[in-house]
K.L.:
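Quick one: the structure is below, and I'll ask about it shortly.
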Amino acid sequence: MLYILIGIVVVVLIGYLGVAFYQRYFTKQIKSLEERKGALMALPIPEKLTKLRSLRLTGESQQNFDRWEKQYNDITNHNFEAIEAYLFDAETANGKYQFLLVARILKQLRAYLQETDQDLVDVKDALDQLLANEADTREQIETLRVKYQGLRKRLLTKSFSFGPGLEGLEAILGQLEEDFNQANELTGAGDYLGAKMMLQKLIEQTDDLEDKMARIPKRYSELANEFPEQIDEISETYQAMLREHYNFGDNQLEVQLTQVTERVDKSLDLMEALDIESVEANNVEIAQNIDQLYASLEVELNARQTVEEHIGKTETIVSHAQTQNRELLLELDHLNQSYALTHDELVTAKKLTKQINEQKAMLEGHQGKIANHEAVYSVIADDLMAIDERLTEIETQQRDIHEQVSGLHQGEAVANENLQQFELELRNLKRTVEKLHLPGLADSYLDFFFVVTDEIKRLDHDLSQIKINLDEIAKQMVLIQDDLDKLKVKTNNLIDSALITEQLLQYANRYRIDFPEIQTACEEAQAVFNREFDYPKSVDILATALERIDPGAYTQVEKNYYSQKQTDAL
């Protein structure tokens, strides 16, 4: 019984302690949230509202202010009362030990405080922005006005440097003055947002004015001073060159001068309209046109010097080319009487004469223009260079023709020497064969011998003509040399076969009595040797028969023959 009582007491005590703990925990939470509410209420928003009211705002600035002030009033009148109600309910529930209800109320209160906190921050930031707009707008307008005054002063003191653009710049300055006054009025009336919008317009206009004032003087200096001076210099130089008998084809330089002057006037009109981008682009083209005009004058000045230095040399070159071609034609005409000119040398030389005459006519035409003060020296300088190049080509052709025909006499002499050599070699071959006292010669050998003989006779005939064709003769000599070499081979083979046949017959005598087939082969070989004159066949008959009874006999006889032949040759 006692233990039961003790247990009950312990349970009651634990329950009491638990209740006391949760009540104290929630009491701290409630106090913390109440402090947070106090911090929100302590935000310096009322002071900012009071300061903004003192600025006597108008327009959009006043509208913004009214909207944020109303939002703040709604928060203070509604949100704070709601927060207070949440706190009261939480304290009441906590006093009644309704801890679950307390936890739910505190959760809702935290969310509501977070929302209210954000709303107040938005109000505060918006009010800060309104205050900042006021201060910043005033400061920027004042800074811009100082810049504007500087531009105005520069425009007045340097008005001469802006040329036709001055009136337009003054108009912009006048518009800026009006816009500054309007901005000041908006600021004075408290419409700082309206003033800020006007400020942006003022910044853009002032920057544009400053940009134009920075770019116009240099461009105007070009149009008023640099370009006119250059145009005058070009015009004066041009007139002086005309007096010194320079000429410019089609009077293009005068047209270009007029066009450049018109471009200058166009740039001045564009400057008056303050179209500075177009002015700058047009001025670049003007500068390029002026450079081209200077270049045109310089070309003619340099060309005249070139012509005066080279025209005499070109005349000498033309004269030399004429003399060279005249001598070449005489040489060709003389050679044409004795030789066939197979590469159109004479025709080519006559064409060169015509071309030289054309170059001479061009040169004389230019000399006439110079004498009559009609010369465009740049054209003449180019033509002189072309004449020199063409005459150089002609000289090369003349040299090539001369080299082609210069060897004709030597070629004829070489051909005659070769003819004599061919005839000598043919006679030697004939004598060599005749010394063997052979019974006869095969028709095939004789036919080829007479072919070579006829070729040599034809060469002799062609070389005996009044007018000879050395190209054709050269071809004949190549053919004769080739055929003569072949005839030498045939003759050597014939001689070798005949002599080897005789030695094989002598070698075969030792076998005639004992070997009837050797006797038969000897008789057959002698018949072919004496009646058909086919000496290689005689060798084959004897060699075949001997090899059957005495292998290696033919090889030994042949070896001894060629060894002796080599010794005799030494």
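These numbers come from the heavy atoms of this one structure, side chains and all, not from hydrogens, waters or symmetry mates. The chain is numbered in sequence order, starting from 1.
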K.L.:
To the nearest 0.5 Å, tell me how far Ile231 CD1 sits from Thr261 OG1.
P.N.:
4.0 Å
K.L.:
In the structure I gave you, are the side-chain heavy atoms of Arg548 and Glu517 within less than 4.5 Å of one another anywhere?
P.N.:
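The answer is no; the side chains never approach within 4.5 Å.
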K.L.:
Are the side chain of His320 and the backbone N or O of Thr316 linked by a donor-acceptor pair below 3.5 Å?
P.N.:
no
K.L.:
If the threshold is 4.0 Å, N to carboxylate O, is there a salt bridge linking Lys313 and Asp388?
P.N.:
no
K.L.:
Donor-acceptor check, side chain of Asn325 to backbone of Ala349, threshold 3.5 angstrom: yes or no?
P.N.:
yes
K.L.:
If every non-hydrogen atom of Asn247 is compared with every non-hydrogen atom of Ala375, which pair is closest and at what distance?
P.N.:
ND2-O, 3.0 Å
K.L.:
Does the side chain to side chain contact (heavy atoms under 4.5 Å, CB included) test come out yes or no for Glu233 and Tyr294, once each step is laid out?
P.N.:
CA-CA 9 Å; Glu233 183 181 29; Tyr294 274 119; 2.4 Å; yes
K.L.:
Crowded around Leu424 CG? As in, over 12 foreign heavy atoms under 6.0 Å?
P.N.:
yes
K.L.:
Might you point out which heavy atoms bring Ile518 and Ala508 nearest each other, and give the distance in Å?
P.N.:
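Ile518 and Ala508 have their closest heavy atoms at CG2-O, 3.6 Å.
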K.L.:
Any heavy-atom pair between the side chains of Leu487 and Asp483 that's under 4.5 Å?
P.N.:
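No; the side chains remain at least 4.5 Å from each other.
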K.L.:
Distance-only, no hydrogens or angles: does the Asn372 side chain make a donor-acceptor pair with backbone N or O of Gly368 under 3.5 Å?
P.N.:
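Checking the backbone N and O of Gly368 against the side chain of Asn372, a donor-acceptor pair under 3.5 Å is found.
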K.L.:
Charged N to carboxylate O below 4.0 Å: is that the case for Asp211 and Arg215?
P.N.:
yes
K.L.:
So do Glu358 and Lys354 actually touch side chain to side chain, heavy atoms under 4.5 Å?
P.N.:
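Yes, at least one pair of side-chain atoms sits under 4.5 Å.
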K.L.:
Is Arg458 salt-bridged to Glu472, going by a charged N under 4.0 Å from an acidic O?
P.N.:
yes
K.L.:
Is the Phe533 ring parallel, tilted or perpendicular to the Tyr535 ring (thresholds 30°, 60°)?
P.N.:
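If you compare the ring of Phe533 with that of Tyr535, the planes turn out tilted.
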K.L.:
Answer yes or no: is there a side-chain heavy-atom contact under 4.5 Å between Gln256 and Asn289?
P.N.:
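No, too far: nothing below the 4.5 Å cut-off.
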K.L.:
Look up atom CZ in Arg263 and atom CZ in Phe227, then write down how far apart they are to the nearest 0.5 Å.
P.N.:
11.0 Å
K.L.:
Show your reasoning for whether side chain to side chain contact (heavy atoms under 4.5 Å, CB included) applies to Asn509 and Arg512.
P.N.:
CA-CA 5 Å; Asn509 284 335; Arg512 280 190 175 192; 3.3 Å; yes
K.L.:
Determine whether Gln367 and Glu315 satisfy the following criterion, side chain to side chain contact (heavy atoms under 4.5 Å, CB included), listing intermediate values before the conclusion.
P.N.:
CA-CA 10 Å; Gln367 288 173 324; Glu315 186 175 13; 3.5 Å; yes
K.L.:
Under a 3.5 Å cutoff, is there a donor and acceptor pairing between the side chains of Glu309 and Gln305?
P.N.:
yes
K.L.:
Kindly check if the number of other-residue, nucleotide or ligand heavy atoms within 6.0 Å of CD (Glu374) is above 12?
P.N.:
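Yes, enclosed.
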K.L.:
Is it true that, when you exclude Arg531 itself, more than 12 heavy atoms of the residues, nucleotides or ligands shown sit nearer than 6.0 Å to its CZ?
P.N.:
no
K.L.:
After noting the C-alpha distance and the side-chain angles of Gln322 and Asn357, does the key distance pass the side chain to side chain contact (heavy atoms under 4.5 Å, CB included) rule?
P.N.:
CA-CA 8 Å; Gln322 283 184 310; Asn357 290 337; 3.5 Å; yes
K.L.:
Under the criterion side chain to side chain donor-acceptor pair (under 3.5 Å), which of Tyr562, Tyr561, Tyr554 is the partner of Glu558?
P.N.:
Tyr554
K.L.:
Side-chain contact, heavy-atom cut-off 4.5 Å: Ile286 with Ser267?
P.N.:
yes
K.L.:
Indicate the atoms forming the closest heavy-atom contact of Gly168 with Leu274, along with that distance.
P.N.:
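In this case the closest contact between Gly168 and Leu274 is C-CD1, 3.6 Å.
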K.L.:
Can you see which heavy atom on Ile541 is nearest to which on Ala521, and at what distance?
P.N.:
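Heavy-atom minimum between the residues: CG2-O, 3.6 Å.
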K.L.:
When you check the side-chain N and O atoms of Gln476 and Asp462, is any donor under 3.5 Å from an acceptor?
P.N.:
yes
K.L.:
So, does Thr520 use its side chain to make a donor-acceptor pair with the main chain of Pro516 at under 3.5 Å?
P.N.:
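Confirmed, Thr520 side chain pairs with Pro516 backbone.
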K.L.:
What residues form a salt bridge (Lys or Arg N to Asp or Glu O under 4.0 Å) with Asp540, not counting sequence neighbours?
P.N.:
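Expected list: none.
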K.L.:
ring-ring contact (aromatic ring centres under 6.0 Å, His included) for Tyr246 and Tyr377? Distances and angles first, verdict last.
P.N.:
CA-CA 7 Å; Tyr246 284 87; Tyr377 286 100; 5.8 Å; yes
K.L.:
Salt-bridge test for Arg304 and Glu300: reply yes if a basic N is under 4.0 Å from a carboxylate O, no otherwise.
P.N.:
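Answer for the salt bridge query: no.
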K.L.:
Are Glu425 and Lys488 close enough for a salt bridge, meaning some N to O gap below 4.0 Å?
P.N.:
yes
K.L.:
Kindly say whether Gly552 contributes a backbone atom to a donor-acceptor pair with the side chain of Glu547 at under 3.5 angstrom?
P.N.:
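Judged by distance alone, yes, a pair lies under 3.5 Å.
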K.L.:
First locate atom CG of Leu505, then atom CD1 of Ile500, and finally report the distance between them rounded to the nearest 0.5 Å.
P.N.:
12.0 Å
K.L.:
So which atom in Leu504 and which in Ala543 form the shortest heavy-atom distance, rounded to 0.1 Å?
P.N.:
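Heavy atoms only, the tightest pair is CD1-N, 4.4 Å.
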K.L.:
Which heavy-atom pair separates Ser538 from Val528 by the least distance, and what is that distance?
P.N.:
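Heavy atoms only, the tightest pair is OG-CG1, 3.6 Å.
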K.L.:
First locate atom OG1 of Thr237, then atom CD of Gln230, and finally report the distance between them rounded to the nearest 0.5 Å.
P.N.:
11.5 Å
K.L.:
Compute whether any side-chain donor of one residue and acceptor of the other, for Asn560 and Gln564, lie under 3.5 angstrom apart.
P.N.:
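Result is no, nothing qualifies.
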K.L.:
Under 3.5 Å, is there a donor on one side chain and an acceptor on the other for Tyr511 and Gln519?
P.N.:
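Short answer, no.
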K.L.:
Would you list the atom pairs, donor with acceptor, under 3.5 Å between side chains in residues 429-451 and any protein atom, with sequence neighbours excluded?
P.N.:
unit_1 : atom_1 : unit_2 : atom_2 : d
Arg431 : NH1    : Asn428 : OD1    : 3.2
Thr432 : OG1    : Asn428 : O      : 2.7
Tyr445 : OH     : Thr491 : OG1    : 2.5

K.L.:
Taking atom NZ as the centre, does Lys369 end up with more than 12 heavy-atom neighbours from other residues, nucleotides or ligands that are less than 6.0 angstrom away?
P.N.:
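No, NZ of Lys369 has 12 or fewer neighbouring heavy atoms, counting only those of other groups under 6.0 Å.
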K.L.:
Are the side chains of Leu419 and Met477 in touch, meaning some heavy atoms are under 4.5 Å apart?
P.N.:
no
K.L.:
Which distance, rounded to the nearest 0.5 Å, do you find between the OG of Ser278 and the CG of Asp269?
P.N.:
12.0 Å
K.L.:
Going by atom types alone, do Gln359 and Gln355 pair a side-chain donor with an acceptor below 3.5 Å?
P.N.:
no
K.L.:
Any side-chain heavy-atom pair from Ile370 and Ile311 closer than 4.5 angstrom?
P.N.:
yes
K.L.:
On the ring face of Tyr507, is Arg510 found with NZ or CZ under 6.0 Å from the centre and within 45° of the axis?
P.N.:
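Yes, a cation-pi geometry.
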K.L.:
Should Tyr238 and Glu254 count as side-chain neighbours, where that means a heavy-atom distance under 4.5 Å?
P.N.:
yes
K.L.:
Check this for me, if you would: do Asp471 and Lys475 make a salt bridge, where the nitrogen-to-carboxylate-oxygen distance has to be below 4.0 angstrom?
P.N.:
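Salt bridge absent between Asp471 and Lys475.
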K.L.:
Which distance, rounded to the nearest 0.5 Å, do you find between the CG of Leu352 and the CD1 of Ile394?
P.N.:
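One gets 6.0 Å once the value is rounded to the nearest 0.5 Å.
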